[in-house]
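Here the structure is laid out as C-alpha cells; the discussion comes afterwards.
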Protein chains: 2
Amino acid sequence: MEILRSTKSHPTADWIYDQARKVLPSISLGTVYRNLAILKEDGQIMELSYGSTYSRYDGNPENHYHFVCLKCGRVEDVDIPVRGELEREVEKTGVGDVYYHRLEFYGLCAHCRSSRTDKPGGAGEDSR
Amino acid sequence: MEILRSTKSHPTADWIYDQARKVLPSISLGTVYRNLAILKEDGQIMELSYGSTYSRYDGNPENHYHFVCLKCGRVEDVDIPVRGELEREVEKTGVGDVYYHRLEFYGLCAHCRSSRTDKPGGAGEDSR
DNA sequence: CTTAAAATCAATAATAGTTATCAATCTAGT
DNA sequence: ACTAGATTGATAACTATTATTGATTTTAAG
C-alpha cells in the first residue's frame, strides 16, 4: 500500500513486486497479488485492467480519469472534473442502475510527442 | 465478420468460435483470433478488454459507450451521445494528443434488477 | 512458559485466454 | 498444370493471474 501510494504512476503487479522486494527481499509475487486483491476488495485501490494482458493498479480510490499513451503505454491521471451527470443520463435510458463509470482517453503523451524519434531509452520506460 | 455483425451482443472470442463452427465445422480457434486481430487492426471492429481475463468484441466500429452488468457480465450499448468535447478538454490539460476515448458504465442491468433472486438460468446466459 | 489453533507466507503448481509456430492446403496469376 | 504467396487447422508456447500446499509465524489460553 505504501509503495502504491508513493508513486503517481500506475504500476503493474510485477513492478510493485520489484519495489516490494527492495524492502522485503523474500516477499513472493503471490503475496503481492493476494494483498492487492484484498486492498481492491476493500475499495482502497483501483485495478485498471487495460488490454487483455496485464493490469495496472492505482492507489487513488476516488473516481478519476486516465490517459493512456498508445506508444509507450504510460498511464497518467487526467485533470478534468468527473462527469457524474452522465450516470444519471445513462440510467434514464433504462439500461439499469449505474454504480460507477470509467473513462479513458487514448493518444500520444506529451513525452512521446516531443521525442518522435524511436531512439531507444527515450520512451517506454514503464511499458513492458 | 458476419457473425459479429449479426448480433447486438458483445461476444467473446469463444462464443464467436462456437458460432463459426456451426457454419465452418472445421474452423480453429486460432483462425478466429487471427481474423479478429486483422479486423481490429483494420478498424472494422472493436475489442473491449474487460477485466483482466477475456476480451469481448464489438462489430460496431464507431465510438459509442457501454454498460457492463456487475452481476451477469452482460455488455450493452448505451444510447447517449458521444462526448467529443471531452477529448478537447483533456488536450487542454497538456497531457498529450487525444485520439479517442472509451467510456464504460458499471452497475446492475435491468434484467438482473428485476429478477433479484439468484435462481439459476435466470441471468448470466452470456457470461462465462 | 507451553501449547494448540489460526493466520500468513514463500514457493510452486495450475488455470485460462491469447499468441506463435508450422506443415498442409488453397488461391491467383501465368 | 506450375509456382509463389497467402490462409488455415492443429497444436505448442507464453503470460498474467489464481489456487494450493507445507512450513513458519503469530495469537490466545491455560
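We name chains A, B, ... by the order of the sequence lines, and we start the count at 1 in each one. Quick note: numbers below take in every heavy atom, side chains included, and nothing from hydrogens, waters or symmetry partners.
- In this structure, Arg56(A) fails the cation-pi test against Tyr54(A), since its NZ or CZ atom is not both closer than 6.0 Å to the six-membered ring centre and inside 45 degrees of the ring normal.
- Remark: Trp15(A) CH2 to Ile3(A) CD1 distance equals 7.5 Å, nearest 0.5 Å.
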Expected list for residues 78-86 of chain A: side-chain donor-acceptor pairs under 3.5 angstrom, two or more places apart:
{"unit_1": "Arg83(A)", "atom_1": "NH1", "unit_2": "Pro81(A)", "atom_2": "O", "d": "2.9"}
{"unit_1": "Arg83(A)", "atom_1": "NH2", "unit_2": "Glu89(B)", "atom_2": "OE1", "d": "2.6"}
{"unit_1": "Arg83(A)", "atom_1": "NH2", "unit_2": "Glu89(B)", "atom_2": "OE2", "d": "3.4"}

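- Heavy atoms of other residues, nucleotides or ligands lying less than 6.0 angstrom from CZ of Arg21(B) number more than 12.
- Protein atom CG of Leu36(B) is 12 Å distant from nucleotide atom P of dT8(D), rounded to whole Å.
- Applying a 4.0 Å cut-off to non-hydrogen atoms, the residues of residues 22-35 of chain A that approach DNA chain C are Ser26(A), Ile27(A), Ser28(A), Thr31(A), Arg34(A), listed by residue number.
- Classified by interplanar angle (parallel below 30°, tilted 30° to 60°, perpendicular above 60°), the ring pair His10(B)/His66(B) is perpendicular.
- Arg21(B) places its CZ atom 12 Å from the P atom of dG9(D), with the value rounded to the nearest Å.
- Listed for the Glu91(B) side chain is a donor-acceptor partner under 3.5 Å among the backbone atoms of Val98(B).
- Per the geometry, CG belonging to Leu48(B) stands 12 Å off P belonging to dT18(C), to the nearest Å.
- In this structure, Ile16(A) places its CD1 atom 14 Å from P of dA16(D), rounding to the nearest Å.
- In this structure, Arg56(A) atom CZ and dA16(D) atom C1' are separated by 13 Å, rounded to whole Å.
- Here dA16(D) presents its C1' atom at 16 Å from OH of Tyr54(B), a figure rounded to the nearest Å.
- Atom CE in Met1(B) sits roughly 17 Å away from atom P in dT7(D) (whole-Å rounding).
- Atom NZ of Lys40(B) and atom C1' of dT19(C) are 11 Å apart (whole Å).
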